[in-house]
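What follows is a set of notes on a single structure, which appears directly below.
Only a predicted model underlies this, so the values are computations on that prediction, with no experimental measurement involved.
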There are 2 protein chains.
Amino acid sequence: MDRELLKGSTPLLLLSLLCEGPMYGYQIIETVRHRTGGTYTLKEGALYPALHKLEATEFISSYWETQDNGRERRYYAIQPAGLAFLSAKKKEWNQFVDMVQAFVGPKA
Amino acid sequence: MDRELLKGSTPLLLLSLLCEGPMYGYQIIETVRHRTGGTYTLKEGALYPALHKLEATEFISSYWETQDNGRERRYYAIQPAGLAFLSAKKKEWNQFVDMVQAFVGPKA
DNA sequence: TGACGGCCATCGCTTTGCGAGGCACATTGG
DNA sequence: CCAATGTGCCTCGCAAAGCGATGGCCGTCA
């Protein structure tokens, strides 16, 4: 998958995923990897900065949770502002896809 | 339109457009602007570098043509290698869209 | 003659993904 | 018992690409 295409779609992906419930970083990576059948592996160097940025803008929030074995995990949960932002982003995404489709021609 | 989403889609757009016949820079910008109803205005700072890069890799070629009024225009035309590349890019594009769609949910 | 528009192009900035690296700890198997 | 692997967090420097600004050239038309 061309890395350049991915640019800008990461927040969309993350917010969409977090709509299904809180998740922690490693889990997000694995989930994406499995759901795409390995086609797309979200990289840590892309994930964590994106997550932190979404948190800084209060679109998501985070909290640490201790597992049974004593180790900690950082969960991220979507916030109301994030839901609103996601809705706007989705609209933008659809516009974008339609636009490109108009030039490239439909699915072919 | 979020600039980040556009990344990586520019070559796809350009090659698709040039499939319809040779065009010159300014014409490309105007064509995109009109066809999208003004939603998307391809910027010069994005177009020309992209065009030159496509030419450097021999996916397109260029030639100068003199207009009736004596002024010159630089036309770009797609090359065989460009057609092949376009075909691959299209496939990648569709994969990408399907992937994101799978997380975001269909058009809704 | 001066403003506007067609037409080419470049430069520095920003953003974002990536690869690599680093740290910490639990589990498992030889 | 110790090494390898897996879980889990993170940051840093790099490269790529779009953007805004800028600049230059030359027709046309008021």
Side-chain angles (χ1 to χ4, degrees), chain A residues 1-15 22-34 36 39-57 60 62-76 89 92 96 99-100, chain B residues 1-15 22-34 36 39-57 59-60 62-76 89 92-93 96 99-100:
Chain A
M1 181 79 64
D2 178 4
R3 73 199 54 175
E4 291 305 325
L5 274 182
L6 278 334
K7 294 207 175 179
S9 62
T10 306
L12 189 61
L13 275 193
L14 294 181
L15 292 175
M23 298 181 76
Y24 56 96
Y26 190 82
Q27 182 187 13
I28 292 176
I29 290 176
E30 289 304 301
T31 302
V32 170
R33 206 167 57 78
H34 281 125
T36 59
T39 311
Y40 178 34
T41 300
L42 193 55
K43 306 306 187 308
E44 302 193 328
L47 174 66
Y48 290 109
L51 240 21
H52 296 158
K53 198 172 179 187
L54 286 174
E55 188 176 15
T57 48
I60 63 178
S62 76
Y63 54 92
W64 291 89
E65 206 165 288
T66 308
Q67 309 173 60
D68 292 341
N69 62 18
R71 296 202 52 187
E72 305 236 29
R73 286 204 282 229
R74 185 173 191 174
Y75 281 84
Y76 294 88
K89 272 291 171 199
E92 210 180 308
F96 170 60
M99 196 263 290
V100 176
Chain B
M1 182 79 63
D2 179 5
R3 70 198 57 173
E4 292 305 326
L5 274 183
L6 279 333
K7 293 207 177 180
S9 63
T10 306
L12 189 61
L13 275 193
L14 294 181
L15 291 176
M23 300 180 74
Y24 56 95
Y26 190 82
Q27 181 187 13
I28 293 176
I29 290 177
E30 289 304 301
T31 303
V32 170
R33 207 166 58 77
H34 280 125
T36 59
T39 310
Y40 179 33
T41 300
L42 193 55
K43 304 305 188 308
E44 303 193 325
L47 174 66
Y48 290 109
L51 240 22
H52 296 159
K53 198 171 180 188
L54 286 173
E55 187 175 17
T57 49
F59 290 151
I60 64 178
S62 75
Y63 54 92
W64 292 89
E65 206 166 287
T66 308
Q67 309 173 60
D68 293 340
N69 61 19
R71 298 203 52 186
E72 305 236 29
R73 284 204 283 228
R74 186 173 190 173
Y75 280 83
Y76 294 89
K89 273 291 170 197
E92 210 180 308
W93 165 257
F96 170 60
M99 196 265 287
V100 176

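Comparing K7(A) and L51(A) by the nucleotide of DNA chain D whose heavy atom lies nearest to each, the residue mapping closer to the 5' end is L51(A). For the pair L42(A) and Y48(B), both in contact range of DNA chain C, the more 5′-proximal nearest nucleotide belongs to Y48(B).
In this structure, L6(A) and S9(A) have side chains that are in contact, with non-hydrogen atoms separated by less than 4.5 Å. In this structure, the side chains of L5(A) and K89(B) stay at 4.5 Å or more apart for every pair of heavy atoms.
In terms of heavy-atom proximity, M23(B) sits nearest to Q27(B) at CA-OE1, 3.3 Å. Heavy-atom minimum distance, Y76(A) versus E55(A): CE2-OE1, 4.0 Å. When all heavy atoms of A50(A) and T10(A) are compared, the pair lying nearest together is CB-CG2, 4.1 Å.
Residues meeting the ring pair (Phe, Tyr, Trp, His ring centres under 6.0 Å) test with Y40(A), sequence neighbours left out: none.
Contact annotation: Y24(B) reaches the phosphate of dC7(C) (side-chain N/O to OP1 or OP2, under 4.0 Å). At the phosphate of dT16(C), neither OP1 nor OP2 sits under 4.0 Å from any side-chain N or O atom of T10(A). Neither OP1 nor OP2 of dC9(D) sits under 4.0 Å from any side-chain N or O of H52(A).
The interatomic distance linking R73(A) (CZ) with dC10(D) (C1') rounds to 17 Å, in whole Å. To the nearest angstrom, P of dC8(C) lies 9 Å from CZ of R74(B). Atom NZ of K53(B) is separated from atom P of dA16(D) by 6 Å (rounded to the nearest Å). In this structure, E72(A) places its CD atom 11 Å from P of dC9(D), rounding to the nearest Å. The separation between D68(B) atom CG and dG6(C) atom C1' is 15 Å, rounded to whole Å. The interatomic distance linking M1(B) (CE) with dG18(D) (C1') rounds to 14 Å, in whole Å. Remark: C1' of dT16(C) and CG of L12(A) are 15 Å apart, rounded to the nearest angstrom. What separates CD of E30(B) from C1' of dG5(C) is a distance of 10 Å, to the nearest Å.
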Atom pairs under 3.5 Å, N or O on each side, protein against nucleotides 19-26 of chain C: can you list them with distances?
| unit_1 | atom_1 | unit_2 | atom_2 | d |
| --- | --- | --- | --- | --- |
| dC25(C) | O2 | R71(A) | NH1 | 3.1 |

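Note on Y40(B): nothing from the nucleic acid sits closer than 4.0 angstrom, heavy atoms only. Contacts of Q67(A) with the nucleic acid, taken as non-hydrogen atoms under 4.0 Å apart, involve only primed sugar atoms and P, OP1 or OP2.
Side-chain proximity of Y26(B) to the nucleotides dG5(C), dG18(D), dG17(C) is greatest for dG5(C).
In this structure a side-chain-to-backbone donor-acceptor pair under 3.5 Å is missing from E65(B) to Y75(B).
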